[in-house]
Structures are given as C-alpha cells and as structure tokens.
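In what follows, a structure is listed as structure tokens, so that the remarks can point back to it.
A, B, ... follow the sequence lines: proteins, then strands. Residue 1 opens every chain.
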Amino acid sequence: MEFLRPASWPEALSLKAENPEAVPIAGGTDLMVELNFDKRRPPAILDLGRITELTEWSEVDGVVWLGAAVPYQRIITELADRLPGLAMAARTVGSPQIRNRGTVGGNLGSASPAGDAHPPLLAADAVVEVASVRGARTIPVSEFFLGVKRAALAEDELIRAVRQPVADGPQQFSKVGTRNAMVIAVCSFALALHPARGTVGTGIGSAAPTPRRAPAAEALLAGELDWQQPKPLPEGLVIRFGELVAAAAAPIDDVRGSAAYRRHALAVLARRTLAWTWQDYRSGRWSRCA
Amino acid sequence: MRVNLTVNGEPRQADDVWPGESLLYVLRERLGLPGSKNACEQGECGSCTVYLDDTPVCACLVAAGQAEGRAVRTVEGLATEEDLDPVQQAFVEAGAVQCGFCTPGLIVATHDLVRRNAKPTDPEIREALAGNLCRCTGYEKILDAVRLAAARREEAR
Ligand SMILES: Cc1cc2nc3c(=O)[nH]c(=O)nc-3n(C[C@H](O)[C@H](O)[C@H](O)COP(=O)(O)OP(=O)(O)OC[C@H]3O[C@@H](n4cnc5c(N)ncnc54)[C@H](O)[C@@H]3O)c2cc1C
Ligand code: FES
Ligand code: FES
C-alpha cells in the first residue's frame, strides 16, 4: 500500500488520475474503520489533509461554498446561521471526537443512505462540485447518489466542495435513533422553507437505497402555503404532508427498525419539522438580519 | 514509511509504518506510549482519545501518515513530573476510576471540555462525553469528577 500526500489540489487531481484505485482520506472516520477491520485493502491512500482550500468556506452572492473537508464541528460553530439545516444535522453526528474529524465530503464519498448531511443538502438544493484533471463539473445532490454506497463520481474525480444558497427561510433536521448520541439514523428528515420562491425542499435519510426528496410532499406545500399572510397550518394539510413524505420512502426491515416503523416515524418527523419551521416563519424568527 | 511528529512536546519518529496504520498503533506499539487505550478501533468507545493539534480525536481513526508534521498530546502529556493534571486528580478523588481502561480517553475529553467551558451544565457534560464508554462506573462518579474538575478550574481563575 502507498500513502500519497499531495500538497495542493492540482497535485491531488493528478495523483488521482495516475492512481484511480487510490482511496481518498479526509477525516478518516469511515475509511479507518474499514482499514482497521481488514474490510478494505486499497493499493494506495490519498491523504487530502494538506490541501488547505478544502478546509475553507466562503460566501459569495448569497451562496455558500463549503470545502469538502471542513469538519462538522466548524459547520456547527461557523455556519449555523447560513446553513441551519446542515448545522443541525452536523450536531447529531457521532461524538465530539467524530465531529472534530468527519466531513461533508467524506459523508458524500461514503454515500451511505444514512449519511446525516445528505437530507439537509437535498432540502436546500445543494450542488456537489467535483473535479478531475479533465476539468470541473457540478452535480445536484439529488443526482449524486446512484445506489447504496454508490455515488456519481468518476474514478479520477474528487469532491471539491458543496455549494448551497444561504438559507432564505427556516430549516430543520430531525433524526430517530436508538439513543440520543452516537447513533446512526433509523430514519431522518430535513425540511427547508424557501419563502422567496414560494417553495419547500425535503430530504429523507435512511429510508430508501439512497437519500432522496419527497417531490409530491414538496408540491403539496408549494400549492397550499400562504407566504404573504401566513396563517396557522390546517391540520389536514400537516397530516397529508406527513403521508406524502412517508409514501416517498422505500424503507427496508433491518436490525435498526422495521420498514413499517420507519414509514410511521418519517410521517411524524415530517409533521413536526413542518410545524416548527412554519411557526418560525410566521414569527419572523428565521430572518438573519431581523 | 517513516512518520515524523511531535508527541507531548518532543519530536518523535516512527519507522516502518504501514500506510494503513492508525495513529493509535504508532503511539502504543512504536513509540511506547500505552496510555491511549485500544478497545474498539472503530471510534465508538473514545478510549484512544488524544489531542491532534489541540483538537480531541479518536487516534484509532487517524491514519498515521495524516499526523506527519503535526503535534499530538496524549494522556501521558497532561501530568507534570510532580503533579497530576487537575482533571486526573479530580477523577481519583471522585472515585471515577475503577478498572481504569476508559480513564485516559475520558481524561482527555474532560480536559478539553473544562478548558473550553468553565461552567459546563450536566447536559453539556453528557454531550461532551457521549463518545466515551465506561463499562464499570455507571458514569455517576465520572460526572462528579467532571463537575469537580470544572469547579476547581473556575476557583483557580
Ligand atoms: C463512531 C462513529 C459514529 C458515526 N456517526 C455518524 C452519524 O451519526 N452520522 C453520519 O452521517 N455519519 C456518522 N459516522 C460516519 C462518518 O463519521 C461520516 O460519514 C463522515 O462524514 C465521514 O467523513 P470523513 O471525512 O471522516 O470521511 P473519510 O473516512 O475520510 O472518507 C469517507 C469516504 O469518502 C471518500 N472521500 C472523502 N473525501 C473525499 C473527497 N474529497 N472526494 C472524494 N471522495 C472522498 C473516502 O475515500 C471514503 O470512501 C460515524 C462514524 C463513526 C466512526
Ligand atoms: S479504540 Fe478508538 S474509539 Fe475505541
Ligand atoms: S473504569 Fe472500567 S471501563 Fe471505565
């Protein structure tokens, strides 16, 4: 096994092109477990730790550019106002030790259906910026996941960043686990209100082969919510929203929960997050400059 | 491969490191620092917690090569020749040490908590220690130890 240690992004891309089998390592919180348990023996490891651009973020014209290797802990402390849904999800990842190392780029790279960063990225219309020596391209998060642990990355490509608009309305993330801390999601749900466009974004985690949106549920709210004169939500609308979110999932029975439980729990999470975000919107509390 | 790093303030070098090897293995088996414990090797128990450039991490999840040129502080680096670190002292006094296997990781995690947060609430303590497992104490004595360490630190300011 080789340990490749590029000092710059262009060097990382050329090393990846020359060694397509090389496995990138960012925080190592997924990859090291596989190495420690002999589950993986790649011919080379490509350490992204010295590429400073990947650990930076910036905001330009209302869009946050988040380097792939910014650890969760920094998303929580530095970006909770701009990317509230992602920051909330980051708070639920593992333990402080895991959040100090784990990254959104690594979460995307693993492409687990249970990755906690994925639902808020879906709900907020984020795009993944990837690159290779052939050039850069962007992939909407909704097209990034191809199957269980399979992502739309070519073998010479690396994830550079995610780009996501600064929140234009309240966002929420909610997760069901078997205890409060240090758990992989039994199921999870993210919701983002976009008052400027009059739309709503959703993201479902751990309840289908890939993270996915709930388009029918989004359409329902876009048609029904009165953004100009926000009134309390009719109960029937909230219930219908929960049903449509549950219907969009394709869960399985496994050790962590049954498919039926996951559907039920998703409907509950959907109703709750809708109530919370709408309450925030009505009270004007979400506004960054308020 | 060879890895150069600073451990507890001293420049150290490890040779013949396998590229998939963890920092924990290097510390324990190559540098003779058995303080950080190896229990799960999957980030679940926290007994391998060390500072990497001042940030607490699971040493079992850091590739040794990622520590090249960086500073590591282990539980061995907290006490001085004469004195235990106040956090260690609090663990001893509160009876938070039984078999002691989880203790080094908990000490590092607590050390980080009390230096960041002078008056941690119980939920904050629980959140800070959520990644550290103890099979013996039932955690109550550990919570006492953290409260004691925080209170002493606050007094000393
Ligand atoms: C104890 C424990 C608890 C955990 N709890 C949670 C949890 O609650 N929620 C959750 O979602 N996850 C959890 N995880 C999983 C893990 O922490 C996350 O998936 C994290 O986001 C991985 O990031 P990383 O930087 O550590 O990834 P790494 O392990 O470095 O990499 C993961 C994968 O992504 C690839 N990769 C990394 N960076 C790039 C890049 N820039 N371009 C292309 N590919 C890349 C790697 O090759 C590898 O295949 C947990 C893990 C542990 C050990
Ligand atoms: S040995 Fe590293 S967390 Fe358990
Ligand atoms: S004292 Fe034995 S594991 Fe904690």
Side-chain angles (χ1 to χ4, degrees), chain A residues 1-7 19 22-51 54-55 69-74 76-77 90-103 106 177 179-184, chain B residues 1-4 17-25 36 38-70 105-106 108-113 116-117 120 123-133 139:
Chain A
M1 196 188 286
E2 265 189 287
F3 197 84
L4 307 170
R5 208 178 285 158
N19 309 273
V23 176
I25 188 167
T29 58
D30 275 322
L31 184 62
M32 285 306 290
V33 176
E34 296 183 318
L35 293 178
N36 289 344
F37 284 83
D38 270 342
K39 292 213 181 104
R40 212 162 167 185
R41 278 288 173 270
I45 297 174
L46 182 69
D47 178 19
L48 303 176
R50 295 206 300 162
I51 304 164
L54 294 187
T55 58
V70 175
Y72 290 116
Q73 185 52 44
R74 286 187 47 212
I76 297 166
T77 51
R91 273 205 67 179
T92 76
V93 173
S95 60
Q97 291 93 322
I98 302 297
R99 295 193 288 273
N100 283 341
R101 294 285 295 167
T103 67
R179 69 176 182 121
N180 242 345
M182 281 289 270
V183 290
I184 177 168
Chain B
M1 64 181 194
R2 168 175 289 186
V3 177
N4 299 287
V17 173
W18 175 65
E21 198 166 300
S22 70
L23 172 63
L24 179 62
Y25 191 90
S36 320
N38 179 352
C40 71
E41 295 196 287
Q42 51 184 319
E44 296 280 349
C45 74
S47 59
C48 65
T49 304
V50 301
Y51 284 113
L52 177 64
D53 283 349
D54 226 29
T55 304
V57 303
C58 294
C60 70
L61 299 184
V62 176
Q66 293 186 291
E68 170 71 32
R70 304 182 63 180
L106 276 161
V108 176
T110 304
H111 189 270
D112 179 58
L113 170 67
R116 277 186 292 113
N117 186 342
E124 284 168 345
I125 296 174
R126 286 173 186 275
E127 185 171 9
L129 302 187
N132 292 77
L133 296 182
Y139 298 105

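The contact between Cys60(B) and chain A is made by backbone and side chain atoms together, counting heavy-atom distances below 4.5 Å. Contacts of Gln73(A) with chain B are absent, with no heavy-atom separation under 4.5 Å from either backbone or side chain. Contacts between Arg40(A) and chain B at a heavy-atom distance below 4.5 Å are absent for every atom of the residue. Using a 4.5 Å cut-off between heavy atoms, Thr49(B) contacts chain A through its side chain alone, with no backbone atom that close. For Arg126(B), no part lies near chain A; criterion is any non-hydrogen pair under 4.5 Å. Of the two parts of Leu129(B), neither the backbone nor the side chain holds a non-hydrogen atom closer than 4.5 Å to a non-hydrogen atom of chain A. Contact of Ile25(A) with chain B is made through backbone and side chain together, with heavy-atom distances under 4.5 Å.
Few gaps surround CG on Asn117(B); more than 12 heavy atoms of other groups in view lie less than 6.0 Å from it. Remark: Arg50(A) CZ is packed, more than 12 non-hydrogen atoms of other residues, nucleotides or ligands lying under 6.0 Å away.
When side chains are defined from C-beta on, Arg101(A) counts as touching Val62(B), because their heavy atoms get closer than 4.5 Å. Within the 4.5 Å cutoff, the side chain of Glu21(B) has no heavy atoms near those of the Met1(A) side chain.
Between Phe37(A) and Glu41(B), the shortest heavy-atom contact is CE1-O, 3.4 Å. When all heavy atoms are compared, the tightest approach of Gly131(B) to Ser95(A) is CA-CB, 3.3 Å. The nearest pair of heavy atoms linking Cys58(B) to Gln97(A) is SG-CB, 3.6 Å. When all heavy atoms of Ala63(B) and Phe3(A) are compared, the closest pair comes out as CB-CE1, 4.0 Å. The minimum heavy-atom distance between Arg179(A) and Leu133(B), with the atom names listed, is NH2-CD2, 4.5 Å. The nearest pair of heavy atoms linking Ala128(B) to Pro96(A) is O-CG, 3.5 Å.
Side-chain N or O atoms of Gln66(B) include one that pairs as donor or acceptor with a backbone N or O of Ala26(A) at under 3.5 Å. Side-chain atoms of Asn100(A) never come within 3.5 Å of backbone atoms of Thr55(B) as a donor-acceptor pair (strictly under, hydrogens ignored).
Here Tyr25(B) pairs with nothing under the ring pair (Phe, Tyr, Trp, His ring centres under 6.0 Å) rule; sequence neighbours left out.
Across Asp47(A), Leu35(A), Asn180(A), the residue that shares the most heavy-atom pairs under 4.5 angstrom with chain B is Asp47(A).
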